[in-house]
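For reference, the structure discussed in these notes is given below.
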Amino acid sequence: MAYGSGDWPGRSLLGVVSGDARRELMGLGVAARFRAGEVVLREGDRDRHVVVLLSGFAKVTARVENGEESLLAVRVGGETVGEMAAMDGAPRSATVTACGVVEARVVSSAVLHALLVRRPEVHLALTGIVAGRLRWANRRRLDFRGYPAKVRLARLLVELATSYGHPVNGGGGGVVLGCRLTQPELAALTGAAETTVHKGLRELREDGLLETGYGSTVIRDLGRLREIGDLAPDG
């Protein structure tokens, strides 16, 4: 799903800040358009700009010790990528790649810093988002050690649904995930083997909790999925 200016995910920067701040953010820097598979930011580069995603979604990956690429997170319209390097000047810690067409604004670190001084609201919101991402990374590490693979998969699907999902068009109940992930990518995010994820998805479909099709995933019973993921009813 491509998010418009009135439909940002609630946890994204553009979804959190006030209308005035949102309009200013959307006017900063220069417009950019990334094609599917195009690199938005590259791990190890020393550039310092930040990218504000306006539509589409992107994947965040990094190389692990054996040289393989690991999926760390997904980012959708309304979110920022590259803010860490923009704020501390260190090399990029991950690669961000467009999945489908991504519309964005590319903002220099100097312009970002001036905005943060001028609008404390944006500074606080961005700091909170960075802290939330760190908490999520810590939760994933604990999940890997404390839960079996099917529970980790359920927890991830709930996270994706609550962060990026939207109601099924035309009613009927259910939440459509706002980003499309392959089984290998779900395996990377849950720290499980691809065959294990395949089995877990099949069981969730057979239980009527999940529907998968070409390029789409629908959560039919989010409450039950929370139970399987050992999560509180209200998330």
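If you run side-chain contact (heavy atoms from CB on, under 4.5 Å) between Val122 and each of Thr127, Leu115, Val117, only Leu115 comes through.
There is no side-chain donor-acceptor pair under 3.5 Å between Glu211 and Thr217.
Val218 places none of its side-chain heavy atoms less than 4.5 Å from the side chain of Val175. The closest side-chain heavy-atom distance from Leu204 to Leu157 is below 4.5 Å. Side-chain contact between Thr95 and Val60 is absent, with no heavy-atom pair separated by less than 4.5 Å. When side chains are defined from C-beta on, Leu210 does not count as touching Arg220, because their heavy atoms never get closer than 4.5 Å. No side-chain heavy atom of Thr97 sits less than 4.5 Å from a side-chain heavy atom of Glu38. In this structure, Glu121 and Ser18 have side chains that are in contact, with non-hydrogen atoms separated by less than 4.5 Å. Proximity of Leu126 to Met87: side-chain heavy atoms (C-beta onward) are separated by under 4.5 Å at one or more points. Annotation: side chain of Arg224 is in contact with side chain of Leu209 (closest heavy-atom distance under 4.5 Å).
With Tyr147 as the aromatic partner, Arg155 meets the cation-pi criteria of under 6.0 angstrom to the ring centre and within 45 degrees of the ring axis.
When the shell of 6.0 Å around CZ of Arg118 is examined, it contains more than 12 heavy atoms from other residues, nucleotides or ligands.
The existence of a salt bridge linking Arg133 and Glu83 is confirmed by a sub-4.0 Å separation between a basic side-chain nitrogen and an acidic carboxylate oxygen.
Summarising the geometry of His113 relative to Ala86, their closest heavy-atom pair is NE2-O, 2.9 Å, with the distance given to 0.1 Å.
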Pair Leu14-Leu54, side-chain contact (heavy atoms from CB on, under 4.5 Å): steps then yes or no: CA-CA 9 Å; Leu14 293 179; Leu54 301 180; 4.0 Å; yes
Full working for salt bridge (Lys or Arg N to Asp or Glu O under 4.0 Å) between Arg63 and Glu43: CA-CA 8 Å; Arg63 295 287 177 184; Glu43 183 179 2; 5.6 Å; no
CA sep, side-chain torsions, deciding dist, call: Val16, Arg11, side-chain contact (heavy atoms from CB on, under 4.5 Å): CA-CA 6 Å; Val16 168; Arg11 300 183 188 182; 5.7 Å; no
Derivation of the side-chain contact (heavy atoms from CB on, under 4.5 Å) call for Arg33 and Val101: CA-CA 7 Å; Arg33 189 175 190 269; Val101 174; 3.5 Å; yes
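With sequence neighbours excluded, no residue forms a side chain to side chain donor-acceptor pair (under 3.5 Å) with Thr162.
Hydrophobic clustering (side-chain heavy atoms under 4.5 Å, transitive across Ile, Leu, Val, Met, Phe, Trp, Tyr) keeps Val130 apart from Leu112. Under the 4.5 Å side-chain heavy-atom criterion for Ile, Leu, Val, Met, Phe, Trp and Tyr, Leu153 and Leu231 are members of the same hydrophobic cluster.
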